[in-house]
Amino acid sequence: QSQFVETGGDSVQLGESLRLSCAASGVTFANYAVAWFRQAPGKEREGVSSINVVSIGNGNTNYADSVKGRFAISRDDATNTVFLEMHSLKAEDTAIYYCAAFRRRRPPPELLARLWAREEEYLFWGQGTQVTVSS
């Protein structure tokens, strides 16, 4: 059974850093682009960042404008894990963070760049991990 599990969420202060992990099982992980999404209270789920497979564009990445320069996504195919490094955290980063796999395996970079933030394009959603940023 394919499964993605997010961990690393915590309650932190403004300006602090946090690293989230997304561990996959039951899939050929290296063939999938993976994305992080988040959902804040009362808001729709939104795309945060995506990373393509390493063999395509060396794992090219995409970021939401709200996190560019503060967040960094990476992957370790040896351990079937995707990470999200978050720095200079703001109150508006408070949300449940989810990871998921892009439904088309080994997607061309231009396709992922166009569709990466659309949640309907993803499979194997995890249960999420809570990030709370407070002053």
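For the single chain, residues carry numbers from 1 onward in sequence order.
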- Query: CZ/Arg70 to CD/Glu85 distance, rounded to the nearest 0.5 angstrom?
  - Reply: 13.5 Å
- Query: For Tyr97, does its backbone N or O pair with a side-chain atom of Thr129 as donor and acceptor, under 3.5 Å?
  - Reply: no
- Taking all heavy atoms of Leu14 and all of Ser135, pick out the closest pair and write down the distance. CD1-CB, 3.5 Å
- Query: Going through the distances and angles, do Gln130 and Thr94 end up as a side-chain contact (heavy atoms from CB on, under 4.5 Å)?
  - Reply: CA-CA 8 Å; Gln130 175 71 49; Thr94 295; 4.1 Å; yes
- Task: Start with the C-alpha distance between Trp116 and Tyr122, add both sets of side-chain angles, then the distance that settles side-chain contact (heavy atoms from CB on, under 4.5 Å), and finish with yes or no.
- Result: CA-CA 9 Å; Trp116 77 269; Tyr122 287 83; 3.8 Å; yes
- Query: Parallel, tilted or perpendicular for Trp125 and Tyr98, by the 30°/60° rule?
  - Reply: perpendicular
- Measure the CD-CE distance between Glu16 and Met86 for me, rounded to the nearest 0.5 Å. 11.5 Å
- Message: Donor-acceptor pair, distance only, cut-off 3.5 Å: does the side chain of Glu110 make one with the backbone of Arg114?
- Response: no
- How many angstroms lie between CD in Gln39 and CD in Glu44, if you round to the nearest 0.5 Å? 8.0 Å
- Query: Is there a path of hydrophobic side-chain contacts, each under 4.5 Å between heavy atoms of I, L, V, M, F, W or Y residues, that connects Val133 with Leu84?
  - Reply: yes
- Report the C-alpha separation of Trp36 and Phe71 in whole Å, then their side-chain angles, then the decisive distance to 0.1 Å, and conclude whether the side-chain contact (heavy atoms from CB on, under 4.5 Å) test is met. CA-CA 11 Å; Trp36 285 95; Phe71 289 14; over 6 Å; no
- Under 3.5 Å, side chain of Arg103 to main-chain N/O of Glu120, donor-acceptor pair present? yes
- Query: Quick one: are Asn80 and Ser25 in side-chain contact, heavy atoms under 4.5 Å?
  - Reply: no
- N/O donor-acceptor pair under 3.5 Å between Arg75 side chain and Asn52 backbone: yes
- Task: Using the rule that two of Ile, Leu, Val, Met, Phe, Trp, Tyr join whenever any of their side-chain heavy atoms come within less than 4.5 Å, decide whether Val82 and Val131 are in one cluster.
- Result: yes
- Item | pair Leu20-Glu6: side-chain heavy atoms closer than 4.5 Å | no
- Which atom names give the shortest non-hydrogen contact between Ala30 and Val53, and what distance separates them? O-CG1, 3.1 Å
- So how far is it from Phe83 CZ to Ser49 OG, rounded to the nearest 0.5 Å? 14.0 Å
- Message: Distance check, rounded to the nearest 0.5 Å: Gln3 atom CD versus Gln127 atom CD?
- Response: 8.5 Å
- Item | Pair Ser50, Asn62: side-chain N/O donor-acceptor within cut-off below 3.5 Å | yes
- Item | Distance (rounded to the nearest 0.5 Å) between Asp77 CG and Ser55 OG | 8.5 Å
- Item | Donor + acceptor pair across side chains of Thr28, Asn31 (<3.5 Å) | no
- Message: Is there a path of hydrophobic side-chain contacts, each under 4.5 Å between heavy atoms of I/L/V/M/F/W/Y residues, joining Val67 to Ile96?
- Response: no
- Query: In terms of hydrophobic clusters joined by side-chain contacts under 4.5 Å, are Val34 and Leu115 together?
  - Reply: no
- Item | Full working for side-chain contact (heavy atoms from CB on, under 4.5 Å) between Thr81 and Phe29 | CA-CA 8 Å; Thr81 306; Phe29 183 73; 5.7 Å; no
- Message: What I'd like to find out is whether the side chain of Pro107 reaches to under 4.5 Å of the side chain of Phe102, using heavy atoms alone.
- Response: yes
- Linking I/L/V/M/F/W/Y whenever any side-chain heavy atoms sit under 4.5 Å apart, do Phe4 and Leu123 land together? yes
- Task: Give a yes or no answer on whether the side chain of Ser2 reaches the backbone of Gly26 with a donor-acceptor pair at less than 3.5 Å.
- Result: yes
- Task: Would you name the heavy atoms of Phe37 and Ala117 that are closest together and state the gap between them?
- Result: CE2-O, 3.5 Å
- Message: I'd like to know if Asp93 pairs up with Lys90 as an ion pair, taking the criterion as any Lys NZ or Arg NE/NH1/NH2 lying under 4.0 Å from an Asp or Glu carboxylate oxygen.
- Response: no
